[in-house]
Protein chains: 2
Amino acid sequence: MPGPRHRRTAQRARASALQPQLRISFKKSIAMGPGKADLLDAIDATGSISAAARKLGMSYRRAWLLVDTMNECFKAAVVETLTGGAQGGGARVTDFGHDIVRRYREMSRKAAASVAREMSEFATLMVR
Amino acid sequence: MPGPRHRRTAQRARASALQPQLRISFKKSIAMGPGKADLLDAIDATGSISAAARKLGMSYRRAWLLVDTMNECFKAAVVETLTGGAQGGGARVTDFGHDIVRRYREMSRKAAASVAREMSEFATLMVR
DNA sequence: CTACGTTATACACGATTAAATATAACGCAG
DNA sequence: CTGCGTTATATTTAATCGTGTATAACGTAG
């Protein structure tokens, strides 16, 4: 007797796992998403791209590319950097960047709230 | 002296480029997103995974993996398949699958509508 | 029985992506 | 001047992803 064809890995569905993700695409790249917002927070907290990358467990190169993508997508710089100096340099989220993150997070919150009921119903249709 | 600022028709920022994408993640995989919804539509229209893949310009393997991911993520099958027979077999979106797509599309629409104003404001902050 | 088109799977190959490593420029501390 | 940590970039290496190809099982038509 053959077993079920599709085995399902036991997995509890955490509420956060079912949160809708808001991503703002621009041409082929993603201008803003949850990962980039977190990176900007980490740059705020640490004062440098490299420290933010370490904090988030990603490579410096990857963090730098994410910053570069953001700076390319928006009208103005989201992150400003300095080289040299006492700490070797650093990075800083601009006022414009803070505004971008604030707007993004507000849109995410609002969009998620608008479908909160539907999402929780949807969640009941997924493997628990 | 810059030349005439021509309207960049080729890369004009279409509204869809800035539309938020709703993706419903589950564990590490994406249970439902715009691509998977389109695939289910194509399976509806063609009656098979392979024809749907051809219609969407993707490999059969990729389409099959997307279907498999969906079937794994949800409580019940989203797509049912048959092998053999007059047409060699085929695939069919289940009633459950239709319900999933309907719910997903409704959530997408509602979420996008809820932040439509904020999105258009946000768009003005991006490179034109 | 044979042919056909599809599902389901496996494998090889290339493309894309990410990480790891290396290096130069920078500017201040010492 | 030298050392340090950072930015920015290039190069190499590894991992992931996607396609293409191949094959077996399947069930109906002919």
Side-chain angles (χ1 to χ4, degrees), chain A residues 1-9 23 25-31 33-36 38-40 42-73 77-94 97, chain B residues 23 25 27-31 33-36 38-40 42-73 77-94 97:
Chain A
M1 167 119 187
R5 244 181 137 59
H6 293 288
R7 284 192 310 139
R8 284 162 174 165
T9 60
R23 288 182 163 182
S25 305
F26 184 68
K27 288 173 188 171
K28 278 299 160 189
S29 50
I30 297 173
K36 289 191 173 75
D38 289 346
L39 177 58
L40 293 184
I43 291 172
D44 258 334
T46 62
S48 80
I49 296 174
S50 58
R54 287 192 294 270
K55 183 177 184 178
L56 298 183
M58 70 175 73
S59 65
Y60 169 78
R61 174 180 161 78
R62 176 161 165 72
W64 184 87
L65 285 175
L66 294 177
V67 168
D68 190 57
T69 296
M70 287 187 276
N71 281 341
E72 292 288 324
C73 284
V78 170
V79 170
E80 282 174 347
T81 60
L82 287 175
T83 60
Q87 281 75 30
R92 162 184 171 272
V93 179
T94 63
Chain B
R23 289 181 165 185
S25 305
K27 195 187 170 188
K28 281 299 165 191
S29 51
I30 297 173
K36 289 192 173 74
D38 289 346
L39 177 59
L40 293 184
I43 291 172
D44 258 335
T46 62
S48 80
I49 296 175
S50 58
R54 286 193 295 270
K55 183 176 183 178
L56 298 182
M58 70 176 70
S59 64
Y60 169 77
R61 173 182 161 79
R62 176 163 166 70
W64 184 88
L65 284 176
L66 294 177
V67 168
D68 190 57
T69 296
M70 287 187 277
N71 281 342
E72 293 286 328
C73 285
V78 170
V79 171
E80 281 174 348
T81 60
L82 287 175
T83 61
Q87 281 76 30
R92 162 183 170 273
V93 180
T94 63

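Lettering of chains follows the sequences in order, A, B, ..., and the numbering in each one begins at 1.
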B:Val79 and its side chain to side chain contact (heavy atoms under 4.5 Å, CB included) partner, picked from B:Leu39, B:Leu40, B:Asp68: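 When side chain to side chain contact (heavy atoms under 4.5 Å, CB included) is applied between B:Val79 and each of B:Leu39, B:Leu40, B:Asp68, only B:Leu40 qualifies.
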Sugar-phosphate only, base, or nothing, as touched by A:Arg54 at under 4.0 Å among non-hydrogen atoms: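 Counting heavy atoms under 4.0 Å across all strands, the contact made by A:Arg54 is with sugar-phosphate only.
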Nearest-Å distance for atom pair [atom1]/[atom2], residues [X] and [N]:
X: B:Asp68; N: D:dG18; atom1: CG; atom2: C1'; answer: 16 Å
X: B:Trp64; N: C:dG5; atom1: CH2; atom2: P; answer: 23 Å
X: B:Leu66; N: D:dC17; atom1: CG; atom2: P; answer: 12 Å
X: B:Leu65; N: C:dA10; atom1: CG; atom2: P; answer: 11 Å
X: B:Leu82; N: D:dA29; atom1: CG; atom2: P; answer: 14 Å

Protein-to-nucleotide contact annotation, 5' to 3' order, nucleotides 12-30 of chain C [B base; S sugar-phosphate only; - none; under 4.0 Å, heavy atom]: ------SSB-----BBS--
D:dG5 phosphate, OP1 or OP2, under 4.0 Å from A:Ser48 side-chain N/O: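 Result: no.
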Contact under 4.0 Å: A:Ser50 side-chain N or O vs D:dT7 OP1/OP2: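 Yes, A:Ser50 has a side-chain N/O under 4.0 Å of OP1/OP2 on D:dT7.
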Distance-minimising heavy-atom pair for B:Ala52 and B:Thr46: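 Residues B:Ala52 and B:Thr46, closest heavy atoms: N-OG1, 3.4 Å.
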Taking the side chain from [X] and the backbone from [Y], do they hold a donor-acceptor pair closer than 3.5 Å?
X: A:Asn71; Y: A:Val78; answer: yes
X: A:Lys36; Y: A:Ile30; answer: yes
X: A:Ser29; Y: A:Ala31; answer: no

Of all pairs that satisfy side-chain hydrogen bond (donor to acceptor under 3.5 Å, both in side chains), the ones with a partner from residues 53-67 of chain A, not counting sequence neighbours: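 Non-adjacent pairs meeting side-chain hydrogen bond (donor to acceptor under 3.5 Å, both in side chains): zero.
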